[in-house]
Structure formats: structure tokens, C-alpha cells
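Please read all numbers here as calculations on a predicted model, not as lab measurements. Numbers here simply count residues along the sequence, with the first being 1.
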Amino acid sequence: MQIPEQMRLTSKNQIYLVTGGCGFLGKHLVEMLLEKELSLAEIRVFDLHLDESMRSLDRVTLIQGDISNLEDVKPAVKGAHVVIHTAGLVDVWGRVQPEKIMAVNVQGTKNVIEACVTQGVQYLVYTSSMEVVGPNIKGHPFYKGNENTTYEAIHHHPYPLSKAKAEQLALEANGQLMPNGKRLVTCALRPTGIYGENHLLMKEFYEKGLMTKKYMIRAIPSSVEHGRVYVGNVAWMHVLVSQKIQEDPSTIGGQVYFCYDDSPYKSYEDFNMEFLSPCGFRLLGSHPLLPFFLLHLIALLNAILQWLLKPFCVYAPILNPYTLVIASTTFTIKTDKALKHFGYKPCFTWEESKNRTIRWLQEVAAEKQMEK
């Protein structure tokens with residue numbers, strides 16, 4: 001796709017639309033754009049549930065709407081220079097109906113693409129997920145792989161299936177001709193497991209740990225490694241690629257990028273303890289205290305119970321067959337391609353990322369004490 005040189009330059013007075021802008025990643029992304037995007041005129045934050053505290057932010061406009069409703073999406077997109085589509089339902093526990101996950105993650109992405117095309121908005125950055133790749137349901141390890149590493153992605157769970165379909169839609173839309181004569185330029189970022197301030201799952205781990213007097217049992221061998229990425233660095237990668245996609249669309253268009261930083265490769269349990277230990281938590285056992293077959297049996301029983309109780313209530317424990325495979329399979333990545341294509345280097349060091357997350361958890365702990 002050849003684009004005239006004058007169209008390659010980033011426009012002045014940039015208008016960004018961030019879908020899901022009141023979510024965990026979305027709020028960090030808005031903060032990063034306000035700090036780092038020098039040509040910024042406005043950030044439109046589109047979300048079903050608005051965070052009213054964001055109204056006080058300079059150059060931020062809150063727009064309430066449903067991503068699965070095209071008529072809500074179109075007016076939000078109109079006039080934007082770049083759309084960063086982070087809106088999505090993340091659920092690997094069965095808390096949300098599969099139909100709802102598909103409506104938000106797949107139909108929502110279709111709506112964003114259609115709105116970009118009909119409104120003549122040329123640049124779309126899609127927030128995908130590492131789970132589009134894996135770990136797969138067979139538990140095959142993936143060690144320091146990149147975007148070209150051969151790996152059999154096998155999924156049956158609604159969440160990774162929905163993200164894979166949505167990512168495919170976004171990438172296939174690259175180069176689509178729009179009524180104004182321009183062509184849509186798209187790319188996708190695949191963050192590995194994100195952590196940081198206001199991460200709801202980390203807060204849930206903290207609260208569950210309080211119920212066991214801050215003692216946690218090791219269930220997964222420490223030899224299992226995962227790549228985790230700080231939310232501020234994920235936001236920073238989005239800002240960089242949003243700038244580069246306008247400057248060099250022929251390089252960025254249609255590409256997918258792994259998203260990682262300098263956080264250490266560790267098991268989920270050992271990594272979480274980097275933040276929980278300073279809050280007084282202890283992980284019992286240098287080796288798993290439960291045999292794997294017993295964990296597998298508990299996960300299966302949880303799945304059966306979930307199915308049996310479905311007509312009456314939502315039973316959605318953290319441990320199920322899918323989350324057990326995820327937690328017990330090594331999956332680590334590299335971000336060389338992002339460095340090569342748009343100069344991505346982490347904005348926050350591991351120490352900064354860790355300290356920011358610890359401070360936030362300590363604030364959560366202080367709030368819990370105030371509630372007593």
C-alpha cells in the first residue's frame with residue numbers, strides 16, 4: 001500500500017479515541033497520552049461505565065456507550081485521528097456468558113472497524129492478548145518466542161477464541177478502502193499478563209489472602225515461567241505505535257506485536273509474591289504442596305459444579321481446567337519486533353514497576369484497615 005509522503009506525517013492537534021478508556025489499561029493509556037503525546041488536542045474516552053473522576057482531566061471527553069452497538073460507536077469515532085480499541089471483556093472463569101464475551105470482543109471490534117471506515121478515520125490500533133497465541137490447551141511451552149515462532153494455538157475457551165477472532169478482523173481490515181479515498185491502517189498489540197496499580201485480579205488475590213491470614217500455598221512449580229508486563233509500559237507501547245502508524249503506515253499496517261518489558265520471568269505465584277510479600281504475605285513450600293493430579297481433579301470438579309449450578313447462580317472460582325493450563329505452562333516472549341519497527345523500550349524499569357504496584361497494594365491494605 002503506497003501512501004503519499006505528505007500523508008505520512010503525524011497531524012497536529014491530534015484527537016484520540018480510546019475505547020474502554022475507563023478500564024484498567026484504558027485509564028493508564030489516557031494518562032500516558034496526556035503526558036507523552038505532544039500534539040494532543042483531545043482524548044475521547046468511550047466506555048459503558050464511566051469513571052466520573054476523569055471528567056476533571058484536561059483535554060479528556062467522556063462518552064458513554066455500548067461497544068456492541070454500532071450506533072453508539074459511530075459518533076464517538078467521527079473526527080478522530082487515531083482509534084485505540086482497548087474495550088473488551090476479560091473472563092477466563094465463567095463469570096460472563098460466552099455470548100456476551102463474543103458480543104463485546106468480536107462484534108464490538110467489527111463495529112469499531114465499520115465506524116472507522118464509514119467515518120473516514122484512517123488509523124486503528126487494536127489491543128489484542130497473548131492468549132490469542134497461548135498457552136494452548138495441550139500445555140505446550142513457549143520459551144522466549146517472537147511473532148514468527150511456530151506454535152500450535154489451540155483454544156476452546158470463549159475468551160481466547162473471541163480475542164483471536166477480533167484480532168483477525170482488525171488485521172484483515174488493514175488496507176480497506178474508505179469512502180473518502182483513503183485506506184484504513186491497522187495493527188494489533190499482544191500484551192502478556194498485565195499487572196500494576198488498580199489491577200482487579202491482584203486486588204482479588206490480596207483479599208482472598210486475607211481470609212487465610214496472609215498465608216498462601218504453592219501449587220505450581222517455580223520452574224514454570226511466565227512473562228508479565230507492567231501496565232504503564234503497555235500504555236507506552238500503544239502511544240509509540242499510534243505515532244508510528246501515522247508516520248510509516250507501510251511498515252506498521254497489518255502487523256502484530258508482542259508486548260513485554262523487563263519484568264522477570266517467574267511463575268504466577270512467585271511473581272505475585274513480589275508485591276504481596278512486602279504486604280506481609282507468605283508463600284508456603286519451595287515445591288508444590290499438592291500433587292498436580294489433585295489440582296487437576298479440583299479444577300474438573302469446579303467445572304462440573306459450575307455447569308450444575310449455572311441455572312441457579314454464578315459459580316466461578318479462579319481454578320478451572322483452563323486457568324490451570326495457563327498457570328502451569330511456561331510462556332515467555334520477546335519484543336524485538338516492536339523495538340525494530342517503532343523503537344519500543346520500556347518507559348518504566350522493573351524496580352519502578354514493582355514499587356508502584358507495591359505502593360498501590362499498601363494503599364489497598366490501609367483502606368482495609370480503615371474499614372475495620
*Are side-chain N/O atoms of Y126 and K163 paired as donor and acceptor at under 3.5 Å?*
yes
Please check if any side-chain donor atom of Y195 sits under 3.5 Å from a side-chain acceptor atom of S263, or the reverse. yes
Task: Stepwise side-chain contact (heavy atoms from CB on, under 4.5 Å) test for L17 and V82 - done: CA-CA 6 Å; L17 169 66; V82 183; over 6 Å; no
Margin query: Before you tell me yes or no, could you show the steps for D72 and I67 under side-chain contact (heavy atoms from CB on, under 4.5 Å), namely the whole-Å CA-CA distance, both residues' side-chain angles and the distance that decides it to 0.1 Å?
Written below: CA-CA 7 Å; D72 283 1; I67 200 73; over 6 Å; no
Item to complete: Assign the ring pair H155 / Y322 to parallel, tilted or perpendicular, where the plane angle (0 to 90°) is split at 30° and 60°.
Response: perpendicular
_Surrounding CG of L177 (heavy atoms of other residues, nucleotides or ligands, distance under 6.0 Å), is the total greater than 12?_
yes
Residues E147, Y257; criterion side-chain hydrogen bond (donor to acceptor under 3.5 Å, both in side chains); working and verdict:
CA-CA 7 Å; E147 294 83 354; Y257 300 95; over 6 Å; no
Does either side chain, that of Q243 or that of E37, offer a donor lying less than 3.5 Å from an acceptor on the other one? yes
Check: Okay, side chain of T330, backbone of P141: is any donor-acceptor separation there less than 3.5 Å?
Finding: no
Go through the steps to decide whether F281 and F275 satisfy the test ring pair (Phe, Tyr, Trp, His ring centres under 6.0 Å), and finish with yes or no. CA-CA 9 Å; F281 282 64; F275 317 112; over 10 Å; no
For E167 and A188 the tightest heavy-atom approach is CG-CB, 4.1 Å
Are W360 and M54 connected, step by step, through hydrophobic side chains (Ile, Leu, Val, Met, Phe, Trp, Tyr) whose heavy atoms are closer than 4.5 Å? yes
(message) Testing the 3.5 Å rule here: is there a donor-acceptor pair between the side chains of H341 and T251?
(response) no
Is Q107 reaching over with its side chain to a backbone N or O of V104, donor-acceptor style, under 3.5 angstrom? no
Side chains of L34 and V60, heavy atoms from C-beta outward: is any pair under 4.5 Å? yes
**Prompt:** So do I194 and Y230 actually touch side chain to side chain, heavy atoms under 4.5 Å?
**Reply:** no
When every non-hydrogen atom of A76 is compared with those of F46, the smallest separation belongs to CB-CD1, 3.7 Å
Just say parallel, tilted or perpendicular for the rings of F24 and H199, cut-offs at 30° and 60°. parallel
Report the C-alpha distance between E197 and R356 in whole Å, list the side-chain angles of each, state the deciding distance to 0.1 Å, and finish with yes or no for salt bridge (charged side-chain N to carboxylate O under 4.0 Å, His left out).
CA-CA 7 Å; E197 307 95 295; R356 284 168 169 256; 3.8 Å; yes
Check: Is there a path from L29 to F348 through hydrophobic residues (I, L, V, M, F, W, Y) whose side chains come within less than 4.5 Å of each other?
Finding: yes
Is the backbone of L50 close enough, under 3.5 Å, to the side chain of D47 for a donor and an acceptor to pair up by distance?
-> no
Value for NE2 (H157) from CG (L161), rounded to nearest 0.5 Å, stands at 9.0 Å
Side-chain donor-acceptor pair present, Q14, Q246, cut-off under 3.5 Å
yes
Exercise. Any side-chain heavy-atom pair from R44 and Y16 closer than 4.5 angstrom?
Worked result: no
- prompt: Taking a hydrophobic cluster as the set of Ile, Leu, Val, Met, Phe, Trp and Tyr residues connected by side-chain heavy atoms closer than 4.5 Å, whether directly or through intermediates, do L289 and Y215 fall within one such cluster?
  reply: yes
Worksheet item: Do Y344 side-chain atoms and Y260 backbone N/O form a donor-acceptor pair below 3.5 Å?
Response: yes
Of all heavy-atom pairs linking C279 and K214, the shortest is O-NZ, 2.9 Å
Review point. Can T109 and H85 be said to form a side-chain hydrogen bond (donor to acceptor under 3.5 Å, both in side chains), step by step?
Key: CA-CA 8 Å; T109 301; H85 178 35; 3.1 Å; yes
- Message: Salt bridge check, R218 against D270: does any charged N sit closer than 4.0 Å to a carboxylate O?
- Response: yes
Handout entry: Under 3.5 Å: donor-acceptor pair, side chain of T86, backbone of T19
Key = yes
Please find out if less than 6.0 Å separates the ring center of H226 from that of Y268.
yes
#### Entry: Any donor-acceptor pair under 3.5 Å from N198 side chain to L25 backbone
no
Between L324 and I326, is there a side-chain heavy-atom distance shorter than 4.5 Å? no
| message | Are Q255 and K337 packed together at the side-chain level, in the sense that at least one heavy-atom pair is separated by less than 4.5 angstrom? | response | yes
Quiz prompt | Step-by-step side-chain contact (heavy atoms from CB on, under 4.5 Å) determination, D91 to Y159 | solution = CA-CA 6 Å; D91 177 53; Y159 174 67; 5.6 Å; no
More than 12 heavy atoms of other residues, nucleotides or ligands under 6.0 Å from CG of L290: yes or no? yes
Applied to residues 93-117, the salt bridge (charged side-chain N to carboxylate O under 4.0 Å, His left out) test, sequence neighbours excluded, yields R95-E204
May I ask you to test the R59-L40 pair for a side-chain heavy-atom distance under 4.5 Å?
yes
* Under 4.5 Å between any side-chain heavy atoms of V234 and H28, yes or no? -> no
Q. Do the non-hydrogen side-chain atoms of I245 and F342 ever get within less than 4.5 Å of each other?
A. no
message = Treating S162 as the side-chain partner and V106 as the backbone partner, does any N or O pair qualify as donor plus acceptor under 3.5 Å?
response = no
message: Classify the ring geometry of F271 against W350: parallel below 30°, tilted from 30° to 60°, perpendicular beyond 60°.
response: tilted
Next on the checklist: Grouping I, L, V, M, F, W and Y whenever their side-chain heavy atoms are under 4.5 Å apart, do V364 and L201 come out in a common cluster?
Outcome noted: no
Cluster membership besides I15, Ile/Leu/Val/Met/Phe/Trp/Tyr side chains within less than 4.5 angstrom, sorted by chain and number, is none
Same apolar cluster: V73 and L169, side chain cutoff 4.5 Å: yes
Nearest heavy-atom contact between L62 and E52 is CD1-CA, 4.4 Å
Separation between CG (L276) and CZ (F205), nearest 0.5 Å, reads 9.0 Å
query = Short question: side chain of N233, backbone of C347 - any donor-acceptor pair under 3.5 Å?
reply = yes
With no hydrogens and no angle check, just 3.5 Å: does a side-chain donor-acceptor pair link H140 and T329? no
Per ring pair (Phe, Tyr, Trp, His ring centres under 6.0 Å), F331 is matched among Y265, Y143, Y151 by Y151
Show every donor-acceptor pair shorter than 3.5 Å between a side-chain atom in residues 296-311 and any protein atom, with sequence neighbours excluded, or say none if there are none.
{"unit_1": "N302", "atom_1": "OD1", "unit_2": "Y315", "atom_2": "OH", "d": "2.7"}
{"unit_1": "N302", "atom_1": "ND2", "unit_2": "L319", "atom_2": "O", "d": "2.9"}
{"unit_1": "Q306", "atom_1": "NE2", "unit_2": "W93", "atom_2": "O", "d": "2.7"}
{"unit_1": "Q306", "atom_1": "NE2", "unit_2": "Y315", "atom_2": "O", "d": "2.9"}

With a 3.5 Å cut-off and no angle check, do the side chains of T61 and E42 form a donor-acceptor pair? yes
Side-chain H-bond candidate by donor/acceptor type, S250 with D248, under 3.5 Å: yes
Of all heavy-atom pairs linking P249 and Y123, the shortest is CB-CE2, 4.5 Å
Heavy-atom closest pair (G175 atom, R183 atom, distance to 0.1 Å) is O-NH1, 2.8 Å
For this session: Using modelled atom types only, decide if a donor and an acceptor are shared between the side chain of S277 and the backbone of E274 within a distance under 3.5 Å.
Result: no
Side chain of N111, backbone of S68: donor and acceptor closer than 3.5 Å? yes
